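Here's the structure we're looking at; comments come further down.
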Amino acid sequence: MKLFGFWAAAAFLCLFGAWEVNGILEINEEELFYTETNASYYNESKAVFGNNALLVGLTLIKSAAAKGAVCLDGTLPGYHWHRGYGSGANSWLIQLEGGGWCNTVRACVYRKNTRRGSSNYMEKQLAFTGILSNKPEENPDFFNWNRIKLRYCDGASFTGDSENKAAELQFRGQRIWSAAMEDLMSSGMRYANQALLSGCSAGGLASILHCDEFRDLFPRTTRVKCLSDAAPNLSVLIPFGNFRVDVSGGRTLRNVYSGVVGLQGVQSNLPRICTNHLDPTSCFFPQNIIGNVKAPLFILNTAYDSWQIQSSLAPPSADPHGYWSNCRKDHSKCSAPQLQFLQGFRNQMLNAIEGFSNSRQNGLFINSCFAHCQSERQDTWFADDSPVLGSKPIALAVGDWYFDRAGEKAIDCPYPCDKQLPQSGF
């Protein structure tokens, strides 16, 4: 390992996340969930990683309007597609964009005037890096596949189906998902011999919720699997009525999810196997649904997700006196009791995925970096100094699992034992 190079890249990764999250935390509490740590990474990636990043244009889904599959403000949804070639011409990778949620009318009205709620504000080009890169030295297993980034403009992880006429809001995430899949199937995806559905954060949750729907699009002879990167709140306690609390003893994210599910009409699109015995809000938490996903699923997470620590475990609303302020910004400044709380966060995650990990078809990569979303970033996905577990960086672990070259269930030791990972700043 070239530690100096890794520390430089990793320091940027975690510090960049801190700047973005701190900016979010300075706005009002409802707006806290509009976006996430890596929201502006695509705009920055070209500057950070050089001028060779592949830029891919935005395509609006023209057929979506007739299906009522529109963004919050009624504009057309869209995706960025770089076509596959050579051995990857009939292989398809769908990446579901993340970007938080909106849980109140006020929050969604704000969101519809941003790229998270309207295609009018979406970037016309995005840089494809990490799992979307077109370079074999950056993305060895998926570089020449058809790679699609489906933009996120509904605020409910592609699951809502409702509207608020008074506020002129369309909650049509489920229809956007369906319209996008129909459009891509008619554009050649129906001929796929292998396919992978992936997503980060709110998109990571969506990749779990839609995994089996994606599997059912294809014949049984097609290799179809799903990858969830940084799915939020994987460490929340599983039993209903006993959810993981934040540092004040509250339930910040449960309250937000309850608002999302109720406002956006999510209930009817949640897995019936979950809603038959749990309330709909509980079925928006990934740990309550991963055990019922039939298709092979890979979970990529850090044990100390920086966005979740900032926004869920220790948000300003749960810490009015600022006791967690320094720890939240730089985990090297956490007190012993605070570190103990974070280790409990890690332990709950491991408990939540224990049953999931027993399935031979599933995969895991849980490292101990304080970061958020690792598949889309080149420095964490596959670079000379990317973090590794069992001598494998994330890209090779995912590839080995997808192609059945090896069973992948790697879990890092708890912070601060792993010295290869960044240890300064969330």
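Keep in mind it's a predicted model, so treat the numbers as computed, not measured.
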*Working to the nearest 0.5 Å, report the span between CG of Asn351 and CE of Met349.*
11.0 Å

*Side-chain donor-acceptor pair present, Ser91, Gln194, cut-off under 3.5 Å*: yes

*Min side-chain heavy-atom separation Ser119-Met122 under 4.5 Å*: yes

*Looking only at side chains, do Ser282 and Asp279 share a donor and an acceptor under 3.5 Å apart?*
yes

*Test side chain to side chain donor-acceptor pair (under 3.5 Å) on Gln343 and Tyr304 and set out the steps.*
CA-CA 8 Å; Gln343 298 298 6; Tyr304 313 95; 2.6 Å; yes

*What closest approach, in Å, do Ser368 and Pro414 show between heavy atoms, and which atom pair accounts for it?*
OG-CA, 4.1 Å

*Evaluate side chain to side chain donor-acceptor pair (under 3.5 Å) for Thr59 paired with Trp81, printing each intermediate quantity in order.*
CA-CA 8 Å; Thr59 298; Trp81 176 11; over 6 Å; no

*Measure from NZ or CZ of Arg111 to the centre of the six-membered ring of Tyr152 and say whether it is under 6.0 Å with the direction within 45° of the ring axis.*
yes

*Give me the ring orientation class for Phe403 and Phe142: parallel if the planes are under 30° apart, tilted from 30 to 60°, perpendicular past 60°.*
parallel

*Could you tell me whether Asp412 and Arg346 have a side-chain N and a carboxylate O separated by less than 4.0 Å?*
no

*Is the backbone of Ala406 close enough, under 3.5 Å, to the side chain of Asp400 for a donor and an acceptor to pair up by distance?*
no

*asked:* Can you confirm whether Ile411 sits close enough to Leu350 that some side-chain heavy atom of one is under 4.5 Å from a side-chain heavy atom of the other?
replied: yes

*Run the side-chain contact (heavy atoms from CB on, under 4.5 Å) check on Asp161 and Asn269 step by step: do they pass?*
CA-CA 8 Å; Asp161 194 4; Asn269 296 316; 3.9 Å; yes

*May I ask you to test the Leu55-Leu126 pair for a side-chain heavy-atom distance under 4.5 Å?*
no

*CA sep, side-chain torsions, deciding dist, call: Val266, Phe284, side-chain contact (heavy atoms from CB on, under 4.5 Å)*: CA-CA 9 Å; Val266 170; Phe284 206 65; 4.0 Å; yes

*If you measure from the Lys or Arg side-chain nitrogens to the Asp or Glu carboxylate oxygens, is any gap between Lys294 and Asp216 under 4.0 Å?*
no

*Lys225 to Tyr402 six-membered ring, cation-pi geometry met (6.0 Å, 45°)*: yes

*For Phe365 and Trp401, run ring-ring contact (aromatic ring centres under 6.0 Å, His included): C-alpha distance rounded to whole Å, both residues' side-chain angles, the deciding distance at 0.1 Å, then the answer.*
CA-CA 11 Å; Phe365 191 103; Trp401 164 80; over 10 Å; no

*In terms of ring plane angle, is the pair His210 and Trp177 parallel, tilted or perpendicular, where the classes change at 30° and 60°?*
parallel

*Are the side chain of Arg147 and the backbone of Trp145 linked by a donor-acceptor contact shorter than 3.5 Å?*
yes

*If we only count heavy atoms from C-beta on, is the Thr129 to Leu132 side-chain gap below 4.5 Å?*
no

*Without hydrogens or angle criteria, can the side chains of Gln374 and Asn367 be said to hold a donor-acceptor pair below 3.5 Å?*
yes

*Is a side-chain donor-acceptor pair under 3.5 Å present for Trp381 with Ser386?*
no

*Please walk me through it: do Lys112 and Asp73 pass salt bridge (Lys or Arg N to Asp or Glu O under 4.0 Å)?*
CA-CA 5 Å; Lys112 78 174 183 176; Asp73 70 337; over 6 Å; no

*Take His82 and Lys149 through the test side-chain contact (heavy atoms from CB on, under 4.5 Å) and record every step on the way to the result.*
CA-CA 9 Å; His82 190 251; Lys149 182 78 171 182; over 6 Å; no

_Between Ser201 and Asp229: side-chain donor-acceptor atoms closer than 3.5 Å_ = no

*Under-4.0 Å salt bridge between Glu123 and Arg115*: yes

*Considering non-hydrogen atoms only, spot the tightest contact between Leu278 and Asn288 and give its length.*
CD1-CG, 3.8 Å

*Taking it one step at a time, do His80 and Arg151 satisfy side chain to side chain donor-acceptor pair (under 3.5 Å)?*
CA-CA 8 Å; His80 302 254; Arg151 301 304 297 268; 3.0 Å; yes

_Close side-chain approach of Glu137 to Phe382, heavy-atom, < 4.5 Å_ = no

_Quick one about Tyr79 and Asp183 (side-chain donor to acceptor, distance below 3.5 Å, no hydrogens or angles considered), yes or no?_
yes

*From CA spacing to verdict: side-chain contact (heavy atoms from CB on, under 4.5 Å), Gln264, Cys102*: CA-CA 9 Å; Gln264 298 214 29; Cys102 63; 3.5 Å; yes

*Give, for atom CG of Asn113 and atom OG of Ser118, the distance between the pair rounded to the nearest 0.5 Å.*
7.5 Å

*Do Phe143 and Pro136 have side chains that get closer than 4.5 Å, going by heavy atoms?*
yes

*Show your reasoning for whether side chain to side chain donor-acceptor pair (under 3.5 Å) applies to Gln174 and Glu213.*
CA-CA 11 Å; Gln174 181 71 32; Glu213 290 178 64; 3.2 Å; yes

*Tell me, do Leu263 and Cys108 make a side-chain contact under 4.5 Å, heavy atoms counted?*
yes

*Is Asp154 salt-bridged to Arg172, cutoff N-O under 4.0 Å?*
no

*Which atom pair, heavy atoms only, marks the closest approach of Gly160 to Ala156?*
N-CB, 4.2 Å

